[in-house]
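Below, chain A is the first sequence line, B the second, and so on; all start at residue 1.
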Amino acid sequence: GAVVSQHPSRVICKSGTSVKIECRSLDFQATTMFWYRQFPKKSLMLMATSNEGSKATYEQGVEKDKFLINHASLTLSTLTVTSAHPEDSSFYICSARGLADNEQFFGPGTRLTVL
Amino acid sequence: EDKVVQSPLSLVVHEGDTVTLNCSYEVTNFRSLLWYKQEKKAPTFLFMLTSSGIEKKSGRLSSILDKKELFSILNITATQTGDSAVYLCAVSSGNTPLVFGKGTRLSVIA
């Protein structure tokens with residue numbers, strides 16, 4: 001299957017700082033990327049959908065000013081958690097969908113801990 | 001509203017057993033059904049099914065789709081402890097995000 005990378009894999013930060021997470025599709029062009037968060041032993045929760053070159057579509061209840069998404073190219077999307085607080089601590093996972101539109105591959109995830 | 005239901009929610013088996021995981025769905029504009037395995041990290045892709053009746057196979061895992069009855073099964077034969085994971089079923093309607101089921105948590109004990 002196609003490869004999606006995420007960086008960093010783990011980040012620990014102080015409350016009030018901003019954290020940027022990168023998601024890259026390594027061997028295919030991703031027209032659409034999705035950002036999820038997942039709490040321990042819970043289901044994936046879709047946060048937002050981003051299409052290259054346009055504004056992200058956020059799911060209900062997700063603050064777009066807090067979770068900034070930029071999909072600057074067909075291989076890169078970034079999620080910035082602004083002014084992070086302990087309740088933002090979670091596992092953030094991106095996934096990318098290619099031009100074929102059917103298959104969707106996940107990055108390895110980023111574990112964010114806000115102290 | 002699109003819906004994906006997986007059963008059972010959890011399952012405990014012994015090594016060597018065969019398991020069948022179920023996924024039923026109700027979606028408009030169905031395009032494909034995908035199975036993922038999630039251990040401690042992010043989900044890893046297993047299969048994508050688009051046509052009824054065609055079995056996809058990878059080692060001890062296989063899956064098949066029935067578009068008339070709107071369900072899919074994932075079979076794992078001769079289970080091993082390394083198969084312990086949450087298995088996720090998701091349905092694609094094309095341009096919209098995948099709709100996920102809640103997953104089946106499989107535990108394989110030695």
Side-chain angles (χ1 to χ4, degrees), chain A residues 1-10 21 23-25 27-28 30-52 54 56-60 62 69 90-112, chain B residues 1-7 9-11 23 25 27 29-51 54 56-59 61 63 65 67 72 84-107:
Chain A
V3 179
V4 177
S5 72
Q6 258 182 264
H7 178 79
S9 58
R10 166 160 267 172
I21 303 169
C23 177
R24 292 181 187 272
S25 56
D27 52 359
F28 68 104
T31 51
T32 307
M33 287 187 170
F34 304 91
W35 287 95
Y36 296 84
R37 69 187 290 184
Q38 188 174 36
F39 292 105
K41 300 203 174 181
K42 297 289 184 185
S43 302
L44 291 167
M45 188 192 85
L46 179 67
M47 297 174 67
T49 302
S50 77
N51 292 293
E52 184 263 339
S54 61
T57 302
Y58 289 82
E59 295 299 300
Q60 198 171 13
V62 178
I69 291 171
S90 188
F91 192 44
Y92 292 86
I93 309 170
C94 74
S95 74
R97 186 163 66 196
L99 295 171
D101 241 13
N102 281 328
E103 293 186 354
Q104 188 168 319
F105 298 94
F106 286 86
T110 297
R111 190 164 298 286
L112 170 65
Chain B
E1 186 183 327
D2 294 345
K3 192 165 65 171
V4 176
V5 177
Q6 289 186 247
S7 65
L9 289 180
S10 67
L11 188 57
C23 176
Y25 61 90
V27 296
N29 301 317
F30 173 89
R31 287 190 66 172
S32 60
L33 185 144
L34 299 94
W35 284 97
Y36 294 90
K37 176 183 181 182
Q38 186 174 24
E39 296 172 87
K40 290 183 179 174
K41 292 208 165 184
T44 53
F45 175 81
L46 293 176
F47 299 112
M48 184 181 76
L49 304 154
T50 54
S51 302
I54 299 174
K56 291 232 173 163
K57 203 168 167 61
S58 175
L61 276 68
S63 183
L65 173 67
K67 287 167 76 173
S72 173
S84 297
V86 174
Y87 290 84
L88 297 168
C89 172
V91 175
S92 169
S93 307
N95 287 331
T96 55
L98 291 177
V99 179
F100 281 90
K102 291 189 186 304
T104 294
R105 183 175 295 277
L106 174 65
S107 299

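- Between A:F91 and B:K40, every side-chain heavy-atom pair lies at or beyond the 4.5 Å cut-off.
- Once rounded to the nearest 0.5 Å, the distance linking CG of B:L98 with OH of A:Y36 reads 5.0 Å.
- If you measure heavy-atom distances from B:T44 to chain A, you find no contacts under 4.5 Å at all.
- Other residues, nucleotides and ligands contribute over 12 non-hydrogen atoms within 6.0 Å of the NZ atom of B:K67.
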Output side-chain donor-acceptor pairs under 3.5 Å for residues 38-45 of chain A, partner residues at least two apart or in another chain, one line each.
{"unit_1": "A:Q38", "atom_1": "OE1", "unit_2": "B:Q38", "atom_2": "NE2", "d": "2.7"}
{"unit_1": "A:Q38", "atom_1": "NE2", "unit_2": "A:K42", "atom_2": "O", "d": "2.8"}
{"unit_1": "A:Q38", "atom_1": "NE2", "unit_2": "B:Q38", "atom_2": "OE1", "d": "3.2"}

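- Residues B:A42 and A:G107 share a closest heavy-atom pair of CB-O, 2.7 Å.
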